[in-house]
Number of protein chains: 2
Amino acid sequence: MARAPWVKTSGGEAGSRRRQRGRIRIEDVAELAGVSAITVSRVLRTPAIVAEDTRRRVDEAVDRLGYVPNLAAGTLASLKSRLVAVVVPTLRSSVYADTIQGLSDELSTAGYHLMVGYSGYSAELELSVFRAFMGRQPEAVVLTGVEHSPALRRLLRKRKLPTVEIWDLADDPIDIAVGFDNFAAGACVADHLAKAGVRHPAVLGSDPAREARAAKRLAGFTARCQARGLRAPVVEPLIDGMSPEEAESGFRRLVARAPDIDGLFCLNDALAIAAIMEARRLSIDVPGRMRIVGFGDFDLAAHVAPRLTTVRVPGHEMGRRAARRLLDRAEGRKRGQRVEDLSFELVQRESA
Amino acid sequence: MARAPWVKTSGGEAGSRRRQRGRIRIEDVAELAGVSAITVSRVLRTPAIVAEDTRRRVDEAVDRLGYVPNLAAGTLASLKSRLVAVVVPTLRSSVYADTIQGLSDELSTAGYHLMVGYSGYSAELELSVFRAFMGRQPEAVVLTGVEHSPALRRLLRKRKLPTVEIWDLADDPIDIAVGFDNFAAGACVADHLAKAGVRHPAVLGSDPAREARAAKRLAGFTARCQARGLRAPVVEPLIDGMSPEEAESGFRRLVARAPDIDGLFCLNDALAIAAIMEARRLSIDVPGRMRIVGFGDFDLAAHVAPRLTTVRVPGHEMGRRAARRLLDRAEGRKRGQRVEDLSFELVQRESA
DNA sequence: TTGTAGGCGTTATCAG
DNA sequence: CTGATAACGCCTACAA
């Protein structure tokens, strides 16, 4: 057997020096089952078109060898990666985690995997994360929000990559948008507070320049307050829009600035809970002296004392819908409506 | 040019019918730069070994064409995927999100990407998620906890995949473990409560059968209570160990069962916060009549009223350390200690 | 420092 | 329904 070591061998022998020792290839399965490689491939991907008997033999060989298809090879050959790239602002917020689980639930049953990255609320970082992902040939992209670097928009449109923007509605989506109306949500909170008799509203939340969606809620809230003739809201922006730390001190500044505030809209529930707690420390009665509304309906919202009135958003559902739209597209169906507007809901509890 | 359409062409021409229209290959860059493909590859991966001038020409060509290397091809050729598979119990808990960000922070600078999946606290699901990931040829694996399906352990050891188990310490890790001592953490809480004068302790938390790490905290707590001569803890297990909903009703059951409870250990902060809130509703003074300690030091813990005494765990740090160990290994360094014990810390605030 | 040859494991294509 | 053949795009090994 004086054969050069790199000569292609058909299975169990020493094999080429590049092949990974012990890796089982489709070829090995084929040999054991007494069929060709392509038949094994068919059994794995489209069993319906393979004869019953052949299929059984192949399945058995697969089991016996513990064969796992090499998807890198598959991707290369088929130009299909079965990979979806997702970029969210942060993983630390449970709201995006829900959306990711929604995406994953729906996509994994269809055999797709998720690559998840985070942008830290920066369009630049988003672009660079995305660039890094591109090399893996994702078949679709999910982005958060509708504000992106122009370079990214161009890239996506040029490549015609199916793209879903979630958590917001776009006038002119890159491709598809699945979200809800943040402006309307803000307005809805203003309505609720106004009806409850609030005259001097305030807002505690993220820096509008950093978080576009929170800024829209703020804008909707402010506009509606004005329309209803309330005093213009006192706004206390925070650097980190999710930090209870900042919410606590921000709340104190707010009361110092305008002691007559009788209604507070917190741009998310983490802030709202922190505010309720600080109100208690300052002996400000909620909702007696001040009504407080949050946003997001986090798990704890229903359980703090007083229970938090807040806006419930379809986090998980957005993920599922986005996934569905992508799968429809992958299966060649047409795009349908470009913007899908899911609904939010004001959940009235005790705090307002 | 009566050339068959599938003849390999060198770039701009019609090309084979399988090639994706408009995709730019390394070959195209090479042609534009007037070098060979392998030189382009070197410029991208090991610029140091390429002549200054050549490098510049190649970089320019890359920019001009907007070339993005196809990592599926790279993976296939090099047998290196630059992919790390991570499985956590759930994405909904911020504690694992921290760890994932820690992993990602460290690995992404080294050019690795993360595939993240979740097991829902089930060893079976963990295995199936992992199986799905295997096809992408991950170079390393990160698992949560030390309880895994035997099939998974076998698989990992056989393939010699670098594996880190996080969030717990193992007697016999599959490969490497980076975590902290959950048993000791529970004991530490018992010490704290005992020193504060607690005599009738209780525990609120997840079903020990479902969550091994929480079960260890419980075991440590119970053992230490006994050692210190306290009454055996009254335990109220919850089905979903992260649910404030269940915590609220569980707390009520607890007080009904044993009205003289004067110290409560909640197996995580979400439960602890819910318990504090329910205590307020029941007019049970915390810490006056009952001391409450949480676990995890969630963002809100420091801001509820009363501020929550809890155990801080190194979530982000575990991710970073795990990543470092993996990178060390990838760079051929030896494994070092098999079990790395990071420290936790009891943070005393107002609730106990 | 750069290039040539050929393989990595799979699937598209077309023929039987 | 099954198989032979040739890509897919890049990188390792070796040569120059």
Side-chain angles (χ1 to χ4, degrees), chain A residues 4-11 15-21 23-31 33-58 65 67-82 135-137, chain B residues 4-11 15-21 23-31 33-55 57-58 65 67-82 134-137:
Chain A
W6 57 86
V7 166
K8 190 164 190 172
T9 59
S10 60
S16 99
R17 100 192 81 181
R18 277 183 63 186
R19 179 141 62 246
Q20 210 166 310
R21 186 188 78 69
R23 291 303 272 134
I24 287 142
R25 298 157 308 151
I26 200 169
E27 193 78 34
D28 303 322
V29 178
E31 197 183 4
V35 297
S36 72
I38 189 66
T39 298
V40 176
S41 176
R42 287 186 183 118
V43 169
L44 264 21
R45 293 178 307 146
T46 50
I49 68 165
V50 178
E52 173 75 32
D53 178 57
T54 313
R55 199 192 318 156
R56 203 173 11 248
R57 287 209 320 281
V58 169
L65 297 176
Y67 169 65
V68 178
N70 182 332
L71 298 186
T75 296
L76 190 57
S78 66
L79 304 174
K80 299 221 159 100
S81 64
R82 316 228 71 165
R136 309 250 175 217
Q137 324 291 107
Chain B
W6 56 85
V7 167
K8 188 165 192 172
T9 59
S10 60
S16 99
R17 99 192 82 183
R18 275 181 67 182
R19 180 142 62 246
Q20 209 166 313
R21 188 190 77 69
R23 291 305 272 133
I24 287 142
R25 299 158 306 152
I26 201 170
E27 194 77 35
D28 302 322
V29 178
E31 197 183 2
V35 297
S36 72
I38 188 64
T39 299
V40 176
S41 174
R42 288 186 182 119
V43 169
L44 265 20
R45 293 177 306 141
T46 48
I49 69 165
V50 178
E52 172 76 32
D53 178 58
T54 313
R55 199 193 317 155
R57 287 206 323 278
V58 169
L65 296 176
Y67 169 66
V68 178
N70 183 331
L71 298 186
T75 297
L76 189 56
S78 67
L79 303 174
K80 299 217 158 106
S81 65
R82 316 226 71 162
M134 275 309 288
R136 309 247 175 218
Q137 324 290 109

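Proteins come first, then strands; the chains are lettered A, B, ... in the order of their sequence lines, and each starts at number 1.
The nearest heavy atom of DNA chain C to B:Arg55 and to A:Gly74 marks one nucleotide each, and the one closer to the 5' end goes with B:Arg55.
Using a 4.0 Å cut-off on heavy atoms, the residues of residues 36-51 of chain A that approach DNA chain C are A:Ile38, A:Ser41, A:Arg42, A:Arg45, listed by number.
Here D:dG9 presents its P atom at 17 Å from CZ of A:Arg136, a figure rounded to the nearest Å.
Contacts of A:Leu65 classified as side chain to side chain contact (heavy atoms under 4.5 Å, CB included), with partners at least two apart in sequence or in another chain: A:Ile24, A:Asp28, A:Val29, A:Leu32. Residues satisfying the side-chain hydrogen bond (donor to acceptor under 3.5 Å, both in side chains) criterion with A:Thr39, sequence neighbours excluded, are A:Ser36. Scanning for side chain to side chain contact (heavy atoms under 4.5 Å, CB included) contacts around B:Arg82 gives A:Arg136, B:Tyr112, B:Glu139, with sequence neighbours left out. When the salt bridge (charged side-chain N to carboxylate O under 4.0 Å, His left out) test is applied to A:Arg57, the partners found at least two apart in sequence or on another chain are A:Asp53. Not counting sequence neighbours, A:Arg45 has no partner by the salt bridge (charged side-chain N to carboxylate O under 4.0 Å, His left out) test.
Heavy atoms of B:Thr54 sit under 4.0 angstrom from primed sugar atoms or phosphate atoms, though from no base atom.
In the set C:dT11, D:dC10, D:dC8, the nucleotide with an atom closest to the side chain of B:Asn70 is D:dC10. Distance from the side chain of A:Pro69 is smallest to C:dT10 among D:dG3, D:dC8, C:dT10. Out of D:dG9, D:dC10, C:dG3, the shortest distance to the side chain of A:Leu76 is found at D:dG9.
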